[in-house]
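Right, one structure below, let's go through it.
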Amino acid sequence: MPESVRSLALTVNGVPIAVQPGTTVAAAVLMAGAPTRISVTGEPRAPLCGMGICFECRVTIDGVPHQRSCQILCRSGMQVRTAPSEPAANPAREFAP
Amino acid sequence: MSSTADVIILGAGIVGAACARACASRGLKTLVVDSGFVGGGATAAGMGHIVAMDDSPAQLTLTRYSQQLWHALAPGLPPEVEFEQCGTLWVAADAEEMEEVRRKCALYESSGIPAEILDAHALAQAEPQLARPLAGALLVPSDAVLYPPSAAAFLMRTAMEAGARLLAPQQVLSAANGRVRLASGEELHAARIVNACGADSVALLPELPIRKRKGHLVITDRYPGFLHHQLVELGYLRSAHAVAADSVAFNVQPRKTGQILIGSSREFGAEDASIHHSLLAAMVARAQQYLPRLADLDAIRVWTGFRAATPDKLPLIGTWPKDDSLFLATGHEGLGITTSLATARLLVALLLNEEPPIPAEPYLPARFLSRSAQENRIFAHAPEQSHA
Amino acid sequence: MKESFDLVVAGAGPAGIAAAVTAAEAGLRVAVVDDNPAPGGQIWRSGAHLPRSAQHWIARLHRSSAVPLLGWRIFDSPEPNLLCAEPSSFPPSSPNGSSLPPHRRHAELRFKKLILATGARERFLPFPGWTLPNVMGAGALDALVRGGLPIAGKRVVVAGTGPLLLAVAAHLARRGAKIVTVCEQASFAQLARFAAHLALEPAKLAQGAGFALALRSARLRTGCWPIAAHGTDRLRAVTLRQGHNFWDVDCDYLACGFHLVPNIELPALLACRIAGGFVSTNGLLETSVPGIYCAGEPTGIGGVELALLEGEIAALAASAQTARAQKVARRRRRKLAFVRALERACTLDPQLRTLPAEDTFICRCEDVPYAALCSRSSWREAKLHTRCGMGPCQGRICGTATEFLFGWNADSVRPPVFPALVANLAVSPARTHDFNGASAASRAGVAAPTHAFKETR
């Protein structure tokens, strides 16, 4: 079926991306070419286990951090944010009142 | 097979490690024996709050002195100790507790401990995640946090660099009259034996007035910036004092990693380490009343540990009058991390018959022997003290 | 959510589906819980290209009266006959900052009987570069492709051990991937013995022939494994080793898994006896805890057919159809030889222990290097002094690796068995009294969070 009819639109780090229904957020992030998270020593990481065990695929979805993207299906309008490029960047704004 | 030393320290928790470091640095031939590994007991279970506590004048003297020792040591601590001087906010929920803030502030200042009263607005600025309205808080900026197992490992490593030896894992069968018998069959000899086994010290000396007081802790995933200070409710002392009943209190700590450590619970009579679900639930619910958005964070681990509680909330430091060779450095309840360094200084002074850096009397084990007949009843009949 | 069931099935893979269907068709009130958004488990991940038998079972599940609780993750069992679960994904908090209402974030599932069908995960062995993006499990790449990741034209090295490698390579090849090579760590002799065993089972032989056909263009190497992955921000090339030969191949993905390890955390939490890394059961798959059964990979890695049989046996036994259960159990026993043959075929070469370099991270959550672990004498000591296993995966990845590398046994399992919302730890069905009265905060009328405990009762 034509993609224009069936695709879902979401953003990964603010960049729009269109995916087929049934696509996991992890797949969408890989398609966008972004690492899912930055490790505690600053390495880029991407999914390892693909089944919700390893926690490498954690991303922030609609403002909720630490979501396992390999177990979550894309929804239209979803805003996905991967780890900041600077691990020590101030995420305090997430908790601003 | 046998081996001799000037001093044998039983227990390689943070107290034993600190004592080993102090002994070895004074040139004593020091041997440490532990049934597991360094910092693997209550040290591993504790929060790692370096806190000045005013439950009693003697407690304030000991915690304050020890805190100063930690600050002196801090520049040399390796990064894995995660030492951070985040300060403590003693949170007051109402006018009654604000009165307590003012009393506490005056006491701390008269003891030379900087403290600052925050009103409701200043508190909300300092910790935006706190629920509102709260009345205010007392900020004690000199309080700090650290990661206890790494702190114990650092103390033991420097002790060994100064010549101390570690025998672990080795089970101790008995320790008395200058002789330590190990399960391996080996026998160790020393003029001085220090029991620093925390809640397990009664296994070697059943008449010690020490009871296990179980606690639970929860740690979250990393949420840097969520909190900035150790937060403790002023009602904490009420909870810590409730000698008979199980209790919970709001006591939450930001780790250097961005993780949030959530406490605390106190429970007598529980011998097994399993999670007590209803107590855990009450503890977390209490924390959520103060920090509503804790609810949305991921908790990644829950554990328990056993504090070594004495009837008067003060540790046992010094000789055991019934055995000339036996010294104690135990019974620190929830303050072993804070007071480990001061305990070690006191112990070494007592071992070497030197002038102690602070008065030793309040902590001498002899205080219980003089009223030994009462020992067991002290726990049962301890009055509910006010925190004044 | 609070519900009671005759039977709860934990896991909606083949074993769980067979169990749920069998029990529901026998008239039991059944719930089947899985943290994934669709049934099928890892092996029958939704998407196209599912075998007909899988489609048949999944359709049968949907037709049955079993209540599917998909997207719910079990994290605790605070008392006997009770499981607690929470959603595996969350919508954002409402704009006023209040959290999800309790009924949407917490489920209490009471059961009379429980079947644990928690499946297995891949074993990962650390080697230099294994933390680079696009180095992942074989099953993981397969799952990502089924989850929408385009693979056509991508160069893939498949490596590790076990029949999963060939299945994944075949599937990816059908999707247009260029399978550069398939590296199986087992020796040719090991595989030959296994193939001889397979020849005894016609269905599996047909499968094997199918793989061979799909793999005509690729090369299967035995006694071969990756020793390093290269790249800066993502994988660029892999160094492979076979005997004394070393060579580099360029690739886009390295799909590398060293067979499977069972998910036994939930069985362990429930105090089911574990022996040799697997859940112990009697012939009708009841564990050491009466009323709790176990089916599928946690009883022994045996693949889909065995898992289906075990799900059926456990459900028949749990619904008191003992005679029928015993009949199916006889069919299961004939297949157990396959479990042992598979285990032998996948026995790891001890040389794989030398893969990590000093600075290779073993614990990926906390970035703990191999060198920091070498001097430790136990898993618990390593955890406390290096943070290994202290991250959100709770040691599921590094604990499996250190078991092979150092022979350590993971310490006891405690709740929560998966990270869970702090709010959900404040929910205790056993809570009957306040421990020291109302807090000063509540006395002072501090706004309690909307999900305060009492509202969930």
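Letters go in sequence order (proteins before strands), and every chain restarts at 1. Just so we're clear, the structure is a prediction, and the values are computed from it rather than from any experiment. Heavy-atom basis, side chains included; hydrogens, waters and symmetry copies ignored.
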Check: chain C heavy atoms under 4.5 Å from B:Thr304: which part of the residue, side chain, backbone, both or neither?
Finding: neither

Item checked: B:Val218, part contacting chain C, at a heavy-atom distance under 4.5 Å -> side chain

Item checked: Cation-pi check, C:Arg396 onto C:Phe418 ring (under 6.0 Å, within 45° of axis) -> yes

Notebook entry, point to check: Between B:Leu294 and chain C, which part of the residue has a heavy atom less than 4.5 Å away: side chain, backbone, both or neither?
Noted result: both

Checklist line | Among B:Glu80, B:Arg222, B:Met283, residue most engaged with chain C (heavy-atom pairs, under 4.5 Å) | finding: B:Arg222

Checklist line | Side chain / backbone / both / neither for B:Ile262 at chain C, heavy atoms under 4.5 Å | finding: side chain

Next item on the list: Identify which one of B:Arg213, B:Arg286, B:Lys214, B:His216 satisfies the side-chain hydrogen bond (donor to acceptor under 3.5 Å, both in side chains) criterion when paired with B:Ser265.
Entry: B:His216

Checklist line | B:Glu82/B:Arg255 ion pair, N-O < 4.0 Å | finding: yes

Check: When you check the gap from the basic side-chain N to the acidic O, do B:Lys104 and B:Glu97 get nearer than 4.0 Å?
Finding: no

Item checked: Sidechain N-carboxylate O distance under 4.0 Å for B:Glu267, B:Arg307 -> no

Check: Between C:Ser378 and chain B, which part of the residue has a heavy atom less than 4.5 Å away: side chain, backbone, both or neither?
Finding: side chain

Next item on the list: Name the option with the most non-hydrogen atom pairs under 4.5 Å to chain C; the candidates are B:Thr257, B:Ile219, B:Ile260.
Entry: B:Thr257

Next item on the list: Compute the ring centroids of B:Phe154 and B:Tyr147, then answer whether they are less than 6.0 Å apart.
Entry: no

Next item on the list: Under 4.5 Å, counting heavy-atom pairs only, tell me which of C:His385, C:Glu366, C:Arg376, C:Gln394 racks up the most with chain B.
Entry: C:His385

